[in-house]
Amino acid sequence: AGWLGVTSGLLCASAGRRTDSGPLSLLHIQQGILQACVALGSSCPLPSLFVFTLRTSRKCQRQEESETRARIPVSPTSRPPQGEGGERDLEVIFNMAALAKKRPETQMMKHAWDSYRQYGWGHNELKPLAKKGHTTNIFGNSQMGATIVDALDSLYIMGLREEFKDGQEWIEQNLDFTGVNAEVSVFEVNIRFIGGLLAAYYLSGQEVFKLKAVQLAEKLLPAFNTPTGIPWAMVNLKSGVGRNWGWASAGSSILAEFGTLHMEFVHLTYLTGNPVYYQKVMHIRKLLAKMDRPNGLYPNYLNPRTGRWGQHHTSVGGLGDSFYEYLLKAWLMSDKTDTEARKTYDDAIEAIERHLIRKSNGGLTFIGEWKNGHLERKMGHLTCFAGGMFALGADGSPDDKAGHYLQLGAEIAHTCHESYDRTVLKLGPEAFKFDSGLEAVAVRQNEKYYILRPEVIETYWYMWRFTHDPKYRQWGWEAAQAIDKYCRVSGGFSGVKDVYSSNPTYDDVQQSFFLAETLKYLYLLFSSDDLLPLDSWVFNTEAHPLPVLHLGNITLPGSQPAQR
Ligand code: DMJ
């Protein structure tokens with residue numbers, strides 16, 4: 001019985017769940033240890049076993065807390081009509097989530113938020129070492145509180161009530177786009193601000209979030225005034241003048257930018273009844289469908305004046321990534337009625353598998369980059385999200401290949417875990433190679449940094465949801481511990497410049513996506529599947545959950561009747 005206790009503890013520790021035989025108590029496991037030690041005599045490693053017991057008990061306790069959270073009623077399908085009952089739901093969720101506040105992921109969130117609150121409030125991001133606000137060119141010179149908007153739904157889900165209210169108050173009083181004379185990235189503003197506001201609206205029912213999302217979307221619309229309707233990468237929120245990044249091939253717009261608007265824009269039309277948003281993104285889709293694709297692949301660059309591809313560079317990481325993600329998610333978000341999106345996704349992935357996915361000599365599956373007919377055997381941290389995407393798209397894939405795509409997802413998760421495990425800090429580099437004897441390691445100094453990115457943990461979470469293999473929780477826990485150990489500073493969390501150095505320097509930026517994505521995916525990884533179930537919610541590329549639209553016979557303004 002004693003050893004059974006220890007074994008059960010091990011099971012609980014590795015799976016993060018209670019055992020079938022019922023809840024474990026600390027006493028139960030301690031009894032097991034003592035009995036085992038009596039049998040082992042002087043060779044009994046009592047101190048280590050005691051440490052193990054305490055750790056195990058903590059993990060089991062965390063699981064029980066997350067199971068309590070499972071009862072949180074967050075399915076959007078059961079929401080009261082818009083604007084009614086939001087406050088009541090809020091109460092229920094926050095009360096039920098009281099236990100969640102003790103969880104390590106929540107504590108990390110609190111440290112990140114409190115630091116931003118203290119030193120960077122209202123700025124877009126935080127410099128956690130300098131202890132002041134941080135601004136990047138993606139948001140121009142604005143002070144639009146990107147971290148507040150990006151973090152809202154994570155705060156909500158984690159039950160951080162005061163913090164959520166504080167963020168809401170700031171938004172009500174300060175988030176006003178009318179006079180903002182800043183040139184912002186259309187893509188970044190869409191995924192972080194519009195996505196964040198819409199998710200906060202759907203979760204809390206507070207009208208203010210919807211209102212602000214629509215006001216902001218209006219300001220982005222001039223970006224679509226190009227000869228082809230493919231939007232500019234940047235737009236000035238005041239003048240409406242748009243342009244592209246200077247570094248992009250031949251004045252092109254970027255596939256992952258103009259191809260990552262669909263989810264938010266369809267929701268905007270759904271919520272407002274205004275067809276314009278839906279029409280803008282469907283126009284992009286139609287235009288792409290008519291174009292020739294070299295080797296069946298989508299190049300990352302498209303010129304919005306001429307409608308021609310720029311450089312033939314295809315990537316599932318930076319510049320390409322979320323275009324593929326949004327094809328799949330458009331289908332999921334439409335309650336699987338948007339079969340055109342699904343078919344486009346399947347065709348794109350088929351070509352990617354043929355040309356970009358390989359196995360290294362050491363047996364690691366990787367996704368390379370296609371440059372003018374040549375495969376570069378390098379994979380980015382950003383590309384690691386694809387493990388989760390393949391798993392999410394497995395169900396519904398053609399030719400009964402569900403098992404194949406789930407397996408591919410698992411292989412990518414494994415490769416990305418290796419990229420973490422082969423570093424000194426146990427944090428993943430920005431890019432890693434599979435060449436000349438190299439396996440999942442960065443070579444160039446400017447590829448060795450980790451900037452609090454979420455993609456690997458995102459994939460662990462999807463893989464956990466679809467397989468319940470405890471290794472994904474184990475890997476997520478390793479990453480959480482490494483972040484807490486090496487990226488935590490007194491003024492928040494910072495990226496590090498070299499994951500292969502035991503004494504790394506900081507980049508002094510607390511990215512808003514750390515609060516929106518990295519910590520949210522970690523939290524979800526250790527929560528029950530009932531929290532934001534994947535048949536009711538679809539996460540935008542910034543981890544903002546948007547509900548599946550069960551439209552039935554209703555048609556969106558500007559659309560054709562939905563076909564099953
Ligand atoms: C996030 O802003 C989004 O996930 C985006 O799609 C690309 N990556 C960053 C975080 O790494």
Side-chain angles (χ1 to χ4, degrees), residues 112-113 115-152 166-167 169-197 209 211-226 231-248 251 253-254 256-258 260-261 264 304 318-319 451-453 491-495 506-517 542 544:
W113 174 265
S115 304
Y116 168 77
R117 178 77 182 84
Q118 189 173 357
Y119 306 117
W121 196 234
H123 290 265
N124 287 322
E125 289 175 317
L126 166 70
K127 287 174 89 61
L129 283 108
K131 296 188 172 166
K132 59 181 193 183
H134 172 72
T135 294
T136 54
N137 64 342
I138 57 175
F139 302 124
N141 56 2
S142 68
Q143 275 195 30
M144 301 197 298
T147 296
I148 300 175
V149 181
D150 230 4
L152 272 180
D166 220 10
E169 219 170 274
W170 186 89
I171 286 169
E172 279 162 354
Q173 291 166 11
N174 301 287
L175 193 60
D176 179 6
F177 311 103
T178 38
V180 179
N181 184 7
E183 194 177 49
V184 301
S185 156
V186 174
F187 159 77
E188 297 287 0
V189 166
N190 177 58
I191 65 168
R192 301 193 201 202
F193 281 83
I194 297 186
L197 289 165
F209 299 127
L211 196 80
K212 298 284 178 184
V214 176
Q215 283 171 359
L216 182 53
E218 286 295 314
K219 297 277 175 195
L220 295 186
L221 287 178
F224 292 81
N225 295 336
T226 64
W232 300 113
M234 283 175 284
V235 69
N236 184 300
L237 291 178
K238 191 170 182 195
S239 67
V241 174
R243 71 178 173 104
N244 275 343
W245 303 109
W247 48 261
S253 301
I254 306 294
E257 297 196 332
F258 64 78
T260 309
L261 303 167
E264 296 80 2
L319 308 181
I451 56 168
L452 306 170
R453 286 198 192 279
F493 287 88
S494 167
Y506 297 111
D507 69 2
D508 199 12
V509 182
Q510 179 176 283
Q511 308 275 351
S512 78
F513 55 67
F514 179 62
L515 293 89
E517 298 192 74
E542 187 79 359
H544 297 305

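Evaluation of the side-chain hydrogen bond (donor to acceptor under 3.5 Å, both in side chains) test over residues 129-138, restricted to residues two or more places apart or in two chains, returns K131-S490. For residues 118-128, every residue pair satisfying the side-chain hydrogen bond (donor to acceptor under 3.5 Å, both in side chains) rule, not counting sequence neighbours, is listed here: N124-S142.
Within the 4.5 Å cutoff, no side-chain heavy atoms of L220 are placed close to those of L261. The shortest distance between side-chain heavy atoms of K238 and F177 does not fall below 4.5 Å. A heavy-atom distance below 4.5 Å is found between the side chains of L216 and V189. The closest side-chain heavy-atom distance from I171 to I148 is below 4.5 Å. Counting only heavy atoms from C-beta outward, the side chains of I191 and T260 approach each other to under 4.5 Å. Contact annotation: the side chain of F209 approaches that of L152 to within less than 4.5 Å [non-hydrogen atoms, C-beta and beyond]. With a 4.5 Å cut-off on side-chain heavy atoms, V186 and M234 do not count as touching. Counting heavy atoms from C-beta on, the side chains of I451 and F513 come closer than 4.5 Å.
In summary, the aromatic rings of F224 and F258 are positioned with their centroids too far apart to meet the 6.0 Å limit.
Side chains of S494 and D508: a donor-acceptor N/O pair is absent below 3.5 angstrom, by distance only. Side-chain polar atoms of W232 and E183 form no donor-acceptor pair below 3.5 angstrom.
Across every non-hydrogen atom of G492 and Q510, the tightest pair is CA-OE1, 3.4 Å.
For the side-chain contact (heavy atoms from CB on, under 4.5 Å) criterion with N181, the lone passing option out of L237, N141, N236 is N236.
In this structure, W113 CH2 and L515 CG are separated by 8.0 Å, a value rounded to the nearest 0.5 Å.
Ion pairing between E172 and K212 fails under the 4.0 Å rule for side-chain N and carboxylate O.
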